[in-house]
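Inspection log for the structure reproduced underneath, given as structure tokens.
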Amino acid sequence: MTTATHVTGLTCVVCAKTYSPDEVDYVCPDHGDEGILDVGYNYEAVASNLTKKALEADRDQTMWRYRAVLPIAPDAPVPPLTVGGTPLYDAPRLAGAVGVGGLWVKDEGRQPTASLKDRASAMAVVKAQERGASIVTTASTGNAAAALSGLAASVGQANVIFVPASAPEAKIAQLLAYGSTVALVDGSYTDAFELCMAAAAEYGWYNRNTGYNPYMTEGKKTVALEIYEQLGWEAPDAIFVSVGDGSIIGGVHKGAKDALALGLVDHTPRIFGIQAAGSDFLVQAYEGGEDVLTKPPIAANTVADSISADLPRDRVKAMAAVRDTGGAYLRVSDDEILAAIPTLARGSGVFAEPAGAAAYAGVVKAVDRNLIDSHDKVVVIATGSGLKDVASAMKAVGATGTTPMRVAPTLDSLREALANN
Ligand SMILES: *Cc1c(COP(=O)(O)O)cnc(C)c1O
Ligand SMILES: [Zn+2]
């Protein structure tokens, strides 16, 4: 087994005790499932390898170009699918429409399985193979599942996936096409998560679960490093990202901290976490100053299935991302989320699933609340493709009153339809 010598240890987010990577597998033994670990690095050693100059010369455009600050050995084999290197689009019409100084859309729908989760699942596959795991498993609302399924298929790694039976059909189709062993759980994501955790313990499977496996944040943080690099190492004023379990936002924060520690940027953006009104655990905790470790779960219900979470698993890191950077947690209604799908698509060409579009709805809300001003440069992370949930997209365009023309295959019929359109 190869080792990542630049990793200094794994620190519990609850008690701050630090363990060596060989000492623990997933969480702090003293704090169980709440004791999520944060991976520490010897930044001095990393900084000598990860320079702007070295990156400029590197032809690898995938997430592995940041391998010097990832918890893997320099020569660790990585899956062949192209993960990372997604486009960051300047969207001046959207910037003008919402009234900000600049707005960029990071299109994570362009990942191999069409969501940002590929960044974490690629990491999971590397770690599972490093350990020689026979089976890797996860529970998911759908995208983490599809991501693990696809990345595992790319290397022939056996896997077992738990998703709520209510997951959108496209996401379930991905799992079946990739050949995973799929358990459709009659219950919520929470039920699927608990069952997966129990099964992993029972059978000794490698556990990719979000907010449990400390390495998932490390994969996800590459989105922040990429955004910075694409902006010429000029950090934006604010980053907007939707939040379910809180692992992506924790990753965005981690990437920001890494970049600052490595001297790649001179400031950290304010990070805004956007939740659906029906799944607003973190907004409630933020507004009420509640302790996320003692706050009881809510009963989540939203059209944005990817951010539906009764109890955000990575809530400690998720809250720190917003508090430490001077951002905010904001809630947006399902109607606002659905409306954002065509607005984002028409204003930038990026077609996002509800959870992806929610981040754009959050920008509108933040400008409304004067949390963002007309000079601010903001980045919206469109976390997943609109093709993941066509039913919601159809509902969204229906609400805008957009309907196709119905025509006979003749110019006369078309002429009449155009006149009445
Ligand atoms: C998973 C996911 C999110 C939320 O990420 P968390 O880490 O659960 O907060 C947002 N959008 C999409 C498309 C996702 O798949
Ligand atoms: Zn602890």
Side-chain angles (χ1 to χ4, degrees), residues 10-19 24 26-38 106-111 113-121 138-148 163 167-168 170-171 174 189 193 209-214 216-217 219-221 223 240-254 271 273-276 279 281-282 293 300 302 304-319 321-322 329 337 341 350-360 362 380-389 392:
L10 306 173
T11 302
C12 173
V13 297
V14 178
C15 68
K17 185 168 174 197
T18 299
Y19 300 88
V24 284
Y26 304 107
V27 290
C28 170
D30 295 343
H31 290 96
D33 291 1
E34 265 71 56
I36 296 171
L37 300 171
D38 180 45
K106 181 69 168 162
D107 186 10
E108 290 291 303
R110 289 279 294 274
Q111 298 281 10
T113 79
S115 87
L116 189 148
K117 298 295 197 301
D118 287 338
R119 296 180 188 271
S121 288
T138 197
S140 160
T141 57
N143 283 337
L148 184 60
V163 288
K171 298 179 183 180
Q174 284 181 290
Y189 167 52
F193 186 93
N209 274 310
T210 297
Y212 186 70
N213 186 313
M216 300 305 94
T217 304
K220 286 168 180 166
K221 77 183 181 186
V223 73
F240 285 77
V241 59
S242 66
V243 177
D245 272 327
S247 177
I248 294 180
I249 197 171
V252 168
H253 188 212
K254 183 65 178 289
I271 300 175
I274 311 305
Q275 291 206 290
S279 180
F281 181 102
L282 286 157
L293 284 175
T302 169
D305 63 293
S306 299
I307 51 172
S308 184
D310 300 337
L311 183 68
R313 298 285 158 186
D314 229 344
R315 55 201 181 279
V316 174
K317 286 183 188 173
M319 190 53 79
V322 162
Y329 267 103
I337 290 172
I341 294 174
V350 175
F351 178 30
E353 70 165 86
Y360 177 78
V380 170
I381 304 181
T383 41
S385 165
L387 295 175
K388 290 274 196 173
D389 185 358
S392 290

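If you're wondering where the values come from, they're calculated on a predicted model, not measured in any experiment. We count ligands from 1, going down the list as the structure has it; atoms in each ligand are counted the same way.
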Would you call Lys254 and Asp38 a salt bridge, using N to O less than 4.0 angstrom?
-> yes

Near Asn143, which atoms of ligand 1 are under 4.0 Å from a heavy atom of that residue?
-> 13 (C), 14 (C), 15 (O)

Atom 1 (C) of ligand 1: the protein heavy-atom neighbour that sits closest, reported with distance to 0.1 Å = Lys117 NZ, 1.3 Å

Is there a heavy atom in Ile249 that sits closer than 4.0 Å to ligand 1?
-> no

Can you see which heavy atom on Lys388 is nearest to which on Ala146, and at what distance?
-> NZ-CB, 3.9 Å

If you scan protein heavy atoms around atom 11 (N) of ligand 1, the nearest is Thr383 OG1, 2.7 Å

Where ligand 1 meets Gly384 - atom numbers and elements under 4.0 angstrom, heavy-atom basis = 13 (C)

Can Lys171 and Glu353 be counted as an ion pair, charged N to O under 4.0 angstrom?
-> yes

List every atom of ligand 1 that sits less than 4.0 Å from any heavy atom of Gly244, numbering the atoms from 1 in the order shown and giving each element.
-> 4 (C), 6 (P), 8 (O), 9 (O)

Tell me, do Gln174 and Thr113 make a side-chain contact under 4.5 Å, heavy atoms counted?
-> yes

Protein heavy-atom partner closest to atom 5 (O) of ligand 1 - residue, atom, separation in Å | Ile248 CD1, 3.2 Å

Have a look at ligand 1 and work out which part of Ile307, if any, has a heavy atom under 4.0 Å from it: side chain, backbone, both or neither.
-> side chain

Thr302 side chain to Ser308 side chain, donor-acceptor N/O pair below 3.5 angstrom | no

Tell me, please: is Thr210 in heavy-atom contact with ligand 1, that is, under 4.0 Å?
-> no

Taking all non-hydrogen atoms of both residues into account, name the closest pair between Cys12 and Gly35 and its distance.
-> SG-CA, 3.8 Å

In short, Gly356 meets Thr383 closest at the heavy-atom pair CA-OG1, 3.4 Å

Option among Lys117, Lys220, Arg313 that satisfies the side chain to side chain donor-acceptor pair (under 3.5 Å) test with Ser247 | Lys220

Considering only heavy atoms from C-beta outward, does the side chain of Tyr19 approach that of Cys28 to under 4.5 Å?
-> yes

Say whether Gly356 and ligand 1 are in contact under the criterion: heavy-atom distance to a ligand atom below 4.0 Å.
-> no

Element-labelled atoms of ligand 1 that are located less than 4.0 Å from some non-hydrogen atom of Gly246 = 6 (P), 7 (O), 8 (O), 9 (O)

Do you know the tightest heavy-atom contact between Leu37 and Lys317?
-> O-NZ, 3.1 Å

Apex the Zn ion (ligand 2) - arms SG from Cys15 and SG from Cys12 - angle rounded to 10° = 100°

Please could you name the atoms of ligand 1 that Ser247 approaches to less than 4.0 Å, counting only its heavy atoms?
-> 6 (P), 7 (O), 9 (O)

Nearest heavy-atom neighbours spanning Ala318 and Tyr329 | O-OH, 2.8 Å

What protein heavy atom sits nearest atom 10 (C) of ligand 1, and how far off is it?
-> Ser242 OG, 3.2 Å

Please note down the angle at the Zn ion (ligand 2) between ND1 of His31 and SG of Cys28, to the nearest 10°.
-> 110°

Of the side chain and backbone of Lys388, name the one, both, or neither that has a heavy atom under 4.0 Å from an atom of ligand 1.
-> neither

Asp245 and ligand 1 - part of the residue with a heavy-atom distance under 4.0 Å = both

